[in-house]
Amino acid sequence: MSTEELSQVLRDRREKLAELIRKGTQPFAYSYDRTHDAATAASSFAAAEEAKSLDADGHGPRVRVAGRLVAWRGHGKTAFAHIEDRGGRMQMYFRQDVMGEERFAALHFLDLGDWVGVEGPLFRTRTGEVTVRVEASTLLSKSLRPLPFGKTEVDATTGEKVHHSGFSDTEARYRQRYADLAVHPEVREVFRARAKVVTEMRRFLDGEGFLEVETPALQPLYGGAAARPFVTHHNSLDRRMFLRIADELYLKRLIVGGFERVYEIAHNFRNEGVDRLHNPEFTMLEFYQAFADYSDVLELTEALFGHVAQAVIGGTELTYQGQKISFARPFARIRFMEALGEALGADPTSLSEAELKKRAIALHVPDLDGAGRGKLLDKLFGALVEPKLVQPTFVMDHPIELSPLAKPHRTAQGVVERFELYAMSAELANAFSELNDPLDQRERFEAQRTLGSAGDDEAHQVDEDYLRAMEYGMPPTGGVGIGIDRVVMLLTDQPSIRDVILFPVLREEE
RNA sequence: GCGCCGCUAGCUCAAUUGGCAGAGCAACUGACUCUUAAUCAGUAGGUUCUUGGUUCGAUUCCAAGGCGGCGCACCA
């Protein structure tokens with residue numbers, strides 16, 4: 001793009017850059033040797049005050065700090081500014097009589113968004129803020145495009161932060177996440193919290209003796225969930241391949257192989273709609289424990305949630321979008337059929353398929369064409385019970401038709417040993433006593449194949465290799481999948497899954 | 001896929017019934033040696049998402065399209 005085509009603000013910056021280069025300044029430095037970040041500088045000054053080691057002018061330790069220039073207030077022969085680095089914000093005080101005329105004049109070439117390094121002693125201003133009395137400043141990288149900085153004011157009476165202007169266009173914030181992050185420290189905090197969630201899940205499972213593994217994202221057959229896949233092609237093998245919709249079947253192969261406790265934090269890909277709770281690419285934790293059933297892994301799931309909540313938000317109580325939610329153990333437990341029966345006013349097992357369909361139609365549940373008994377039960381549950389599940393609730397023992405990979409319930413008819421954890425009316429986790437009878441598994445696959453040929457494009461595929469693995473012998477196993485993005489949404493009070501994924505899927509720009 | 005809402009300066013937003021497209025912040029020029037939404041004076045900055053239509057005249061009305069948000073559907 002030629003200079004003439006650029007808007008005025010962009011042109012100004014390029015002209016400044018050209019002028020800097022003419023003056024012999026390197027506008028894109030190679031490195032900067034800093035001694036402190038904003039946080040360590042502030043604490044070292046506080047320590048010096050405590051030790052009464054400030055000099056006669058009130059100066060504490062000398063520091064070299066570096067960061068992005070985020071605020072500038074010029075006052076003639078002095079100026080105040082803030083830089084922001086990993087440790088927070090740090091104020092700088094520039095004086096012509098301290099820096100000398102030439103260095104002070106060079107500040108004219110700085111813009112908000114520039115990366116700078118400064119050096120000088122720390123002191124406390126009249127208003128009490130720890131500040132660098134800048135003796136020398138170095139431009140580290142010139143910003144050629146203005147960042148959409150807002151301004152924040154602290155309300156004198158309430159003490160609350162008031163935001164002025166700023167960067168609020170959601171589309172631009174998702175597309176230009178770098179700018180969103182650059183001007184919104186609170187967005188950076190969300191993703192720090194996300195990293196902590198993942199770290200703490202690992203720490204918890206490692207502590208329980210689980211082995212972290214990696215299984216294929218590129219799969220010859222997809223499975224482990226009911227979803228449409230992304231299809232791709234391997235050129236040199238000339239073979240169709242799928243991006244995984246789940247890692248479940250691979251993890252259970254590893255259980256067959258003798259790893260008794262395994263887990264994976266995996267990206268799954270599902271070729272489906274995008275909304276507040278769904279991104280086509282998302283992150284799931286799955287873990288499998290040999291010799292355990294779903295009751296055992298339910299206990300483990302509760303403990304894991306407790307551990308993560310404690311580590312990330314310091315407790316089990318939180319507010320999500322204005323609603324108080326408690327992750328204090330034990331979580332509520334309801335049986336799928338009982339909860340549905342209560343909502344229907346009739347035992348769903350005693351209702352015929354036609355009767356169920358009539359009920360669904362009466363509730364204006366759409367898209368019932370070709371829905372079998374399992375799907376009808378699921379639709380009715382989704383319409384009648386799910387919206388009520390705001391507090392963490394384990395929904396137990398689902399209809400067998402819905403769960404082709406789960407073991408039949410040891411006492412109840414027509415259901416499997418399965419639980420899903422719900423909170424804020426969204427599914428957070430899904431688990432079963434894993435089906436380990438290869439003959440039963442084959443029958444379930446065949447039933448899925450029938451559904452598939454009847455037009456259900458989410459029906460499970462028959463995975464012969466998985467059946468072969470199970471024939472070698474799979475120990476009784478409990479397995480759990482947890483949607484990490486949704487857990488992060490909850491713990492960080494974010495309304496959309498896009499707010500916890502750095503680069504969410506969007507349509508093409510323009 | 002359907003419905004509703006939105007798209008105007010770098011950012012956040014105005015614009016009467018269809019009548020010269022404006023403000024705050026950012027930018028630029030100047031003043032100012034403890035400010036913090038610094039202040040004060042001045043200047044500049046526009047493909048009003050795109051295409052087409054109606055009209056003497058369209059940011060405004062109509063049609064189609066694009067992108068986004070929300071809701072619905074889909075997502076066991």
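Every chain is numbered from 1 and lettered A, B, ... according to where its sequence line falls, protein lines coming before strand lines.
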*Between His108(A) and U29(B), is there a side-chain N or O to OP1/OP2 distance below 4.0 Å?*
yes

*asked:* We want to know whether His267(A) and Glu281(A) form a side-chain donor-acceptor pair, criterion being a heavy-atom distance below 3.5 angstrom.
replied: yes

_What's Phe123(A) touching, base or sugar-phosphate or nothing? Going by heavy atoms closer than 4.0 Å._
base

*Would you check if the side chain of Glu272(A) reaches a backbone N or O of Arg228(A) as a donor-acceptor pair within less than 3.5 Å?*
yes

*Hey, which sits more toward the 5' end of RNA chain B by its nearest nucleotide, Thr131(A) or Glu401(A)?*
Thr131(A)

*Pick out which of Val116(A), Leu147(A), Asp114(A), Val183(A) makes a side chain to side chain contact (heavy atoms under 4.5 Å, CB included) with Arg68(A).*
Leu147(A)

*Distance between C1' atoms of A38(B) and G24(B) (Å, rounded)*: 16 Å

_Residues that Phe80(A) engages under ring pair (Phe, Tyr, Trp, His ring centres under 6.0 Å), provided they are two or more places apart_ = His75(A), Tyr93(A)

*Within this structure, what is the CD-to-P distance between Gln96(A) and C32(B), rounded to whole angstrom?*
10 Å

*Does His398(A) or Tyr174(A) map to a spot on RNA chain B nearer the 5' end, using the closest nucleotide for each?*
Tyr174(A)

*In whole angstroms, how far is the C1' atom of G1(B) from the CD atom of Glu272(A)?*
14 Å

_Which nucleotide in G69(B), C67(B), C28(B) has an atom nearest any side-chain atom of Asp12(A)_ = C28(B)

*Which nucleotide in the set C74(B), A27(B), U33(B) lies at the smallest distance from any side-chain heavy atom of Asp275(A)?*
C74(B)

*Can you tell me, in whole Å, how much space there is between the C1' of C5(B) and that of U43(B)?*
38 Å

*Under the salt bridge (charged side-chain N to carboxylate O under 4.0 Å, His left out) rule, what pairs show up with a residue in residues 69-84 of chain A, not counting sequence neighbours?*
Glu84(A)-Arg89(A), Glu84(A)-Arg188(A)

*If the C1' atom of G46(B) is compared with that of G52(B), how far apart are they to the nearest Å?*
22 Å

*asked:* Once you apply a heavy-atom cut-off of 4.0 Å, does Arg228(A) come out as touching a base, just sugar-phosphate, or nothing?
replied: sugar-phosphate

*asked:* Looking at G6(B), I'd like to know if its phosphate oxygens (OP1 or OP2) sit under 4.0 Å from a side-chain N or O belonging to Thr170(A).
replied: no

*Using whole Å, report how far NZ of Lys77(A) lies from C1' of C34(B).*
16 Å

*Mind checking Arg507(A) for me? I need base, sugar-phosphate or nothing, with any heavy atom below 4.0 Å counting as a touch.*
sugar-phosphate

*Between U35(B), C70(B), U33(B), spot the one nearest the side chain of Phe80(A), thanks.*
U35(B)

_Nearest-Å distance for atom pair NE2/P, residues His82(A) and A37(B)_ = 10 Å

*Among the nucleotides C34(B), C74(B), A26(B), which one has an atom lying closest to any side-chain atom of Lys379(A)?*
C74(B)

_Base-pair map of RNA chain B as dot-bracket, where | denotes pairing with a different strand and pairs are Watson-Crick or G-U under 3.5 Å_ = (((((((..((((.....[..)))).(((((.......))))).....(((((..]....))))))))))))....

*Could Arg133(A) and Phe123(A) be counted as a cation-pi pair, given that NZ or CZ must be under 6.0 Å from the ring centre and within 45° of the axis?*
yes

_Side-chain N or O of Lys16(A) versus OP1/OP2 of A27(B): is the shortest distance under 4.0 Å?_
no

*Say you pick atom C1' in G1(B) and the same atom in U59(B); how far apart are they, in whole Å?*
31 Å

*Roughly how many Å is it from CZ in Arg133(A) to P in U35(B), rounded to a whole number?*
13 Å

*asked:* Between C61(B) and G19(B), how many Å separate the two P atoms, rounded to a whole number?
replied: 11 Å

*Main-chain N/O of Val500(A) paired to Arg194(A) side chain as donor or acceptor, under 3.5 Å*: yes

*Using a 4.0 Å heavy-atom cut-off across all strands, classify Gln91(A) as base, sugar-phosphate, or nothing.*
base

*Determine whether any donor atom in the side chain of Ser168(A) lies under 3.5 Å from an acceptor atom in the base of U12(B), or the reverse, and answer yes or no.*
no

*Could you check how far CD of Gln176(A) sits from P of G10(B), rounded to whole Å?*
13 Å

*Just compare U33(B), C34(B), C28(B) and give me whichever is closest to any side-chain atom of Arg95(A).*
U33(B)

*Does Phe445(A) have any ring pair (Phe, Tyr, Trp, His ring centres under 6.0 Å) partners at least two apart in sequence or in another chain, and if so, which?*
His460(A)

*Does Arg145(A) make a side-chain N or O approach to OP1 or OP2 of G10(B) shorter than 4.0 Å?*
no

_Nearest-Å distance once atom C1' is located in both A23(B) and A14(B)_ = 7 Å

*Distance in angstrom units between Arg11(A) CZ and G10(B) P, rounded*: 11 Å

_Going by the rule side chain to side chain contact (heavy atoms under 4.5 Å, CB included), which residues pair with Pro387(A) if we only count those two or more places apart in sequence or in a different chain?_
none

*Look at the side chain of Arg498(A) and decide which nucleotide, out of U35(B), G10(B), C70(B), has an atom nearest to it.*
C70(B)

*Atom-to-atom span, CG of Leu277(A) to P of C70(B) - whole angstrom*: 10 Å

_Residue-phosphate contact under 4.0 Å: Arg13(A) side-chain N/O, A27(B) OP1/OP2_ = no

*How far does the C1' atom of C62(B) sit from the matching atom of U55(B), given to the nearest Å?*
12 Å

*asked:* At 4.0 Å (heavy atoms only), tell me whether Asp97(A) reaches a base, stays on the sugar-phosphate, or touches nothing.
replied: base

*CD/Glu342(A): more than 12 non-hydrogen atoms of other groups inside 6.0 Å*: no

*Of the listed nucleotides G68(B), A73(B), A26(B), the one nearest the side chain of Glu171(A)*: G68(B)

_Any residue in residues 67-76 of chain A with a heavy atom nearer than 4.0 angstrom to RNA chain B? Just list them by number, or reply none._
Arg73(A), Gly74(A), His75(A), Gly76(A)

*Taking the side chain from Asp85(A) and the backbone from Ala38(A), do they hold a donor-acceptor pair closer than 3.5 Å?*
yes

_Donor-acceptor check, side chain of Thr283(A) to backbone of Ala266(A), threshold 3.5 angstrom: yes or no?_
no

*Is a side-chain donor-acceptor pair under 3.5 Å present for Asp180(A) with Tyr174(A)?*
no

*Which of these nucleotides, C28(B), C34(B), U12(B), is closest to any side-chain atom of Phe167(A)?*
U12(B)

*asked:* Taking the P atom in each of A73(B) and G10(B), what is the distance between them to the nearest angstrom?
replied: 40 Å

